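Proteins come first, then strands; the chains are lettered A, B, ... in the order of their sequence lines, and each starts at number 1. A quick note: this is a predicted structure, and the numbers were derived from the prediction, not measured.
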Amino acid sequence: MSDTYRQSSRLRSELAEIDPKNRLLARQSRFRVESEVIRDLFLDAAGLIYHRIGGPTIHPPTPSGTEDLSFKYKTRWIVSDRPERYRRGMYIHFKRTNPYPSLTMFDSPESNVCEAERNISNTPLQALTTLNDPVFVECAQALGRDLAVSPGTPTARLQFAAARCLSRSFSDEEDRVLLSLFRAEQAAYRDDLATARRFVGDYSAKSISDDVTAAWIAVALAVLNLDEFVTRQ
Amino acid sequence: MRRFDDILANQFAEQTRRDFLTTAASGLGGVALASMLRDDLLAGSGEGTGIPHFAPTAKRCIFLYMAGGPSHVDLFDPKPVLSERHGEKMPDSILKEVEFAFIKKEEAVLKGSTAHFHPRGECGMELSDLIPRIGAHADDIALIRTMHGEQFNHHPGQLLLSCGKAEMGRPTIGSWLLYGLGSESENLPGYVVLTAGRGASGGSSNWSSGFLPSSYQGVLFRDKGDPVLYLSNPPGVARANQGRTIDAIRDLNALRFRDVRDPEITSRIAQYELAFRMQTSAPELTDLSGETKNTLEAYGVGRRTPRPTEGMQAGDTYNRFSANCLLARRLVERGVRFVNVIHASWDQHGGLKYDLAWNCAMADQPIAALLDDLKQRGLLDETLVVWASEFGRTPLGQGEDGRDHHPFAFSMWMAGGGVKGGGVHGETDEIGWAPVRDPVHIHDFQATLLHLFGIDHERLIVRDRGLDVRLTDLEGQVVSEVLKRPVTA
């Protein structure tokens, strides 16, 4: 790889003035990845991704009622079984008058005309999707359970999350933020195990109390929602 | 007009001059950030074009999208001659050039309307007895009887109406408005879609942002479960939990911003805060329990839906459409720019008499209540209300009691937002087949709509794949006659 490619994507203020679009490549570019890849990253960080190549399209879970919006409402969306539903985003069944919501939410083209370059938008609905869509929440549950059962100190587990999600380690400052989130969540769930259990869902860890797992899931959800996690830099 | 990435680049240059971290950390947080970003976007789109190009009279739009093609000769355009000539054949000279979706030309005969028309309001606008309560607002309404387009099937016709071209992939009217003018709502999306009845043929292409970023697309409010997709926290997550998670995300993103200085990060911080606020504001919006009994009754919220004819999708369409009209008012009250109230379908190929009356009984009361309500609250002056569809229906009969698609002449109306009420624009021939005076193409209507918002339709342009694109494609003339403030040369 060339020296130019290996530059940092950090923005220096003087470059912002001289070359805001980075035409002269004084730094590496930095952009949010495509919709399908966001899904792939989540599934991969969760250890859920199923890498089978080829075959028919898949139908991951979708909110009920979305299939009624278009004219051909009789075409039912039957959710694929595991592990099929964890295949990469490029395999998701695509219907032009009723596209899969989380794909178009992140600027996937509607496949009606050629789109030479995708937009990269940044919206509150995207935040709601990666925070609350059951598909993404399941990824946090899986990652959170991995963190809960991983050995060592809480800080060591955070480093495990950093390595898996961001391919780097957390700074002390970052550790502090996430540890305080972990403690606050555990404190909140400790007295309400029934609620913790609902958050943990199918991802309860053997021999670990659900309040602890729930707190790690909250940490996992935070890490998976970082700008850096969905950004190629 | 500059490319969108130029605008983003400009935004970027602007923002690096500001100390974002200070703003984010000081707790001004999301709102300030969001508005800065929006201002920058607007500065970008307005620069060189000066949007608004002139003083607007409308700030918000409620678009009553009556998909399927309501019959103009039964609702808006009385044709006694058509009734007199009921059962006669059309001259071959007219039929030769036209295409129909379903009618066989050799069997086509004229079909008179069974509806009765009466003059309404002080202006005496003649409207069908099927829509008496809308008729009571005749003095607020500018009726156009000479709408026309080229598309005689639903989806292409809907695309022409929504995007100015019968192609998928272009921005819809609401997206253009949001792109040109930005949003005035801090806690809700600027472009909201409400549907009742079965889906329209066009599906989400009727509220797509096309090649514009998805932040300009219409956000569908759902009638079951969450009003906005993924609005609810995951099971077992209370608002306090979600708040702490979002705080942690904000703090970590702010640390990242300190290192890499990319304003996209501050934008993401702002979007997460807006999402968190929307989790409260959207359910608050759709909760109608704060409305008075009188208001709910006026709109017909809670009405029973009468039995439809076989094959029609009914469900609780009446109640849904009533609630949607009320929601539309609540949305514009909160500064939402464009509300698309969709109802399908007005596609009466058969069962015209019963089904059209069924649809009108659904639409008449809530729409009239909406106009009343907007007026009472002083919102109608700046809120444009539009009734439109992709086309009308043939003066020819189809089967036992139906009419086929008819894009060559049909009716629509506007009220509020600087529209001059109490007038009829344009005239069709004696059977309602084609305009004979003042034809208004769908592009002309779109140009007029943008004009009301202070936008010159020829100067709201975005380059896409090497082509300068606008809502009105290459056509469009503002219909000055329907404006309170006529266009000055």
Q: Measure A:Ser171 against the heavy atoms of chain B and call it side chain, backbone, both or neither at under 4.5 Å.
A: neither

Q.
Tell me which one of A:Arg30, A:Arg10, A:Arg12, A:Arg232 satisfies salt bridge (Lys or Arg N to Asp or Glu O under 4.0 Å) with B:Asp262.
A. A:Arg30

Q | Region of A:Leu125 in contact with chain B, defined by heavy-atom distances below 4.5 Å | A | side chain

Q. Any sub-3.5 Å donor-acceptor pair from A:Asn132's side-chain atoms to B:Ser232's backbone N or O?
A. yes

Q | Interface moiety of B:Val237 toward chain A, non-hydrogen atoms closer than 4.5 Å | A | both

Q | Contacting moiety of A:Tyr189, where chain B heavy atoms sit under 4.5 Å | A | side chain

Q: Run through B:Asn241, B:Thr245, B:Asp247 and flag the one making a side-chain contact (heavy atoms from CB on, under 4.5 Å) with A:Leu181.
A: B:Thr245

**Q.** B:Phe276 portion near chain A, given a 4.5 angstrom heavy-atom threshold
**A.** neither

Q) What part of B:Arg256 gets closer than 4.5 Å to chain A, counting heavy atoms only: side chain, backbone, both or neither? A) side chain

(Q) Which atoms of A:Ala196 are under 4.5 Å from chain B, going by heavy atoms: the side chain, the backbone, both sets, or neither? (A) neither

Q: Check each atom of B:Ile246 against the heavy atoms of chain A and say whether the ones under 4.5 Å are side chain, backbone, both or neither.
A: side chain

Q | Choice from B:Asp251, B:Ile342, B:Asn233 maximising heavy atom contacts with chain A below 4.5 Å | A | B:Asn233

(Q) Restricting to non-hydrogen atoms, name the atom on A:Pro124 and the atom on B:Ala275 that form the minimum distance, rounded to 0.1 Å. (A) O-CB, 3.5 Å

Q) With only heavy atoms counted, which part of B:His155 is less than 4.5 Å from chain A, the side chain, the backbone, both or neither? A) side chain

